[in-house]
Amino acid sequence: MEAEKTGRTAVTRPEGVEIRGFRYFPGWLSPEEQTALVEALRGVAAEAPFVQPETPGGRKMSVRMTSAGRLGWVTDRRGYRYEPCHPVTGRPWPPVPGMVLDLWRAVTGLVRAPDCCLVNFYGEGAKMGLHQDRDEGDFGFPVVSVSLGDEALFRMGGTDRADRTESVWLKSGDVVVMGGAARLAFHGIDRVRHGSSRLLPQGGRINLTLRVVQVP
DNA sequence: TAGTTACG
DNA sequence: GGCT
């Protein structure tokens with residue numbers, strides 16, 4: 001077990017387990033931390049509203065997304081990329097909430113902060129097809145995923161799309177780290193159990209994806 | 001192919 | 001569960 005000092009309270013974090021090269025930390029965030037994080041994300045969404053983007057192929061994604069940080073991940077008919085400003089408001093993305101940066105540091109041990117905190121909202125029926133995170137400049141840094149709200153079936157594969165996959169039901173407060181060989185592994189969300197968590201009053205799932213985008 | 005649907 |  002690993003103990004971490006946060007203010008006056010010593011918090012015991014779960015040990016990770018390895019699944020197909022992914023590091024999975026069930027129950028990383030306490031219920032209180034999850035509630036505080038949702039509150040922080042409401043602030044992010046107030047500054048940078050969720051949008052339902054489309055893929056380069058012109059199809060609407062089922063998830064709604066926004067970002068925090070120096071860069072946000074966006075997609076439209078022009079392609080996948082990172083942008084310094086929100087596609088609708090034109091304003092810079094809001095800062096990454098402090099507790100998200102704390103989580104990143106605790107789980108990765110890295111001094112370097114992430115450039116992007118992508119916020120994905122999965123409403124009823126939303127899912128995300130198998131894909132790789134490969135729009136970043138340096139794959140040496142891990143990608144960290146944080147789950148909040150409804151449970152979701154997460155499928156993990158390998159670096160080839162045809163590789164065998166393994167699925168796990170992610171619950172609110174779980175953290176997954178994609179690093180090393182799993183950094184470029186295919187992954188996706190097959191379905192969400194709508195209403196399975198009471199963290200978000202209207203139901204739904206929020207996923208945070210933390211990434212280093214540009215090295216310098 | 002960060003999608004959708006059919007099939008086993 | 002995983003094909004395309």
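Reminder, nothing fancy here: chain letters follow the sequence lines and each chain counts from 1. Treat the numbers as computed from the prediction; the structure is a model and nothing was measured.
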request  = Report the distance from atom CZ of Arg191(A) to atom P of dG3(B), rounded to the nearest whole Å.
outcome  = 17 Å
ask   = Taking atom types as they are modelled, is there a donor-acceptor pair under 3.5 Å from the base of dA2(B) to the side chain of Asn207(A)?
value = no
key: Sugar-phosphate only, base, or nothing, as touched by Lys127(A) at under 4.0 Å among non-hydrogen atoms   = base
task = Quick one: do Tyr80(A) and Trp73(A) satisfy ring-ring contact (aromatic ring centres under 6.0 Å, His included)? Show the steps, please.
result = CA-CA 7 Å; Tyr80(A) 305 142; Trp73(A) 188 84; 5.4 Å; yes
request  = Starting from P on dG3(B), measure out to CG on Asn120(A) and report it in whole angstrom.
outcome  = 10 Å
task = Using a 4.0 Å heavy-atom cut-off across all strands, classify Thr165(A) as base, sugar-phosphate, or nothing.
result = sugar-phosphate
remark   = Per atom distances to the Met128(A) side chain, the nearest of dC3(C), dA2(B), dT4(B) is dA2(B)
task = Any chance you could lay out the salt bridge (Lys or Arg N to Asp or Glu O under 4.0 Å) test for Arg134(A) and Glu136(A), step after step, and finish with the verdict?
result = CA-CA 6 Å; Arg134(A) 52 177 306 163; Glu136(A) 301 75 33; over 6 Å; no
task = Grab the CG-C1' distance between Asp160(A) and dT1(B) for me, whole Å please.
result = 14 Å
ask   = Rounded to whole angstroms, how far apart are CG on Leu208(A) and P on dA2(B)?
value = 21 Å
ring centroid sep under 5.5 Å plus plane angle under 30, Trp73(A) with dA2(B) = yes
Arg77(A) CZ - dG3(B) P separation (whole Å) = 16 Å
ask   = When the P atoms of dT4(B) and dG8(B) are considered, how many whole Å apart are they?
value = 23 Å
task = Could you tell me the separation between the CD1 atom of Ile206(A) and the CZ atom of Phe50(A), rounded to the nearest 0.5 Å?
result = 5.5 Å
key: Between P of dG1(C) and CZ of Arg20(A), the distance in whole Å   = 14 Å
inquiry  = Regarding Met61(A), tell me which of base, sugar-phosphate or nothing describes its non-hydrogen contacts under 4.0 Å with the strands shown.
reply    = sugar-phosphate
key: Between dA2(B) (C1') and Arg81(A) (CZ): distance, integer Å   = 14 Å
ask   = Would Asp150(A) and Arg193(A) satisfy salt bridge (Lys or Arg N to Asp or Glu O under 4.0 Å), going step by step from the backbone distance to the final call?
value = CA-CA 6 Å; Asp150(A) 289 340; Arg193(A) 283 178 177 145; over 6 Å; no
key: Closest to the Arg155(A) side chain, choosing from dA2(B), dC3(C), dT4(B)   = dC3(C)
message = Without decimals, in angstroms, what is the distance between Gln132(A) CD and dT1(B) P?
response = 14 Å
message = Applying a 4.0 Å non-hydrogen cut-off, can you work out what Tyr80(A) is touching in the nucleic acid: base, sugar-phosphate, or nothing?
response = base
task = Report the C-alpha distance between Asp190(A) and Lys127(A) in whole Å, list the side-chain angles of each, state the deciding distance to 0.1 Å, and finish with yes or no for salt bridge (Lys or Arg N to Asp or Glu O under 4.0 Å).
result = CA-CA 6 Å; Asp190(A) 282 345; Lys127(A) 52 195 171 178; over 6 Å; no
message = Categorize Arg211(A) for me: base, sugar-phosphate, or nothing, with a 4.0 angstrom heavy-atom threshold over every strand shown.
response = base
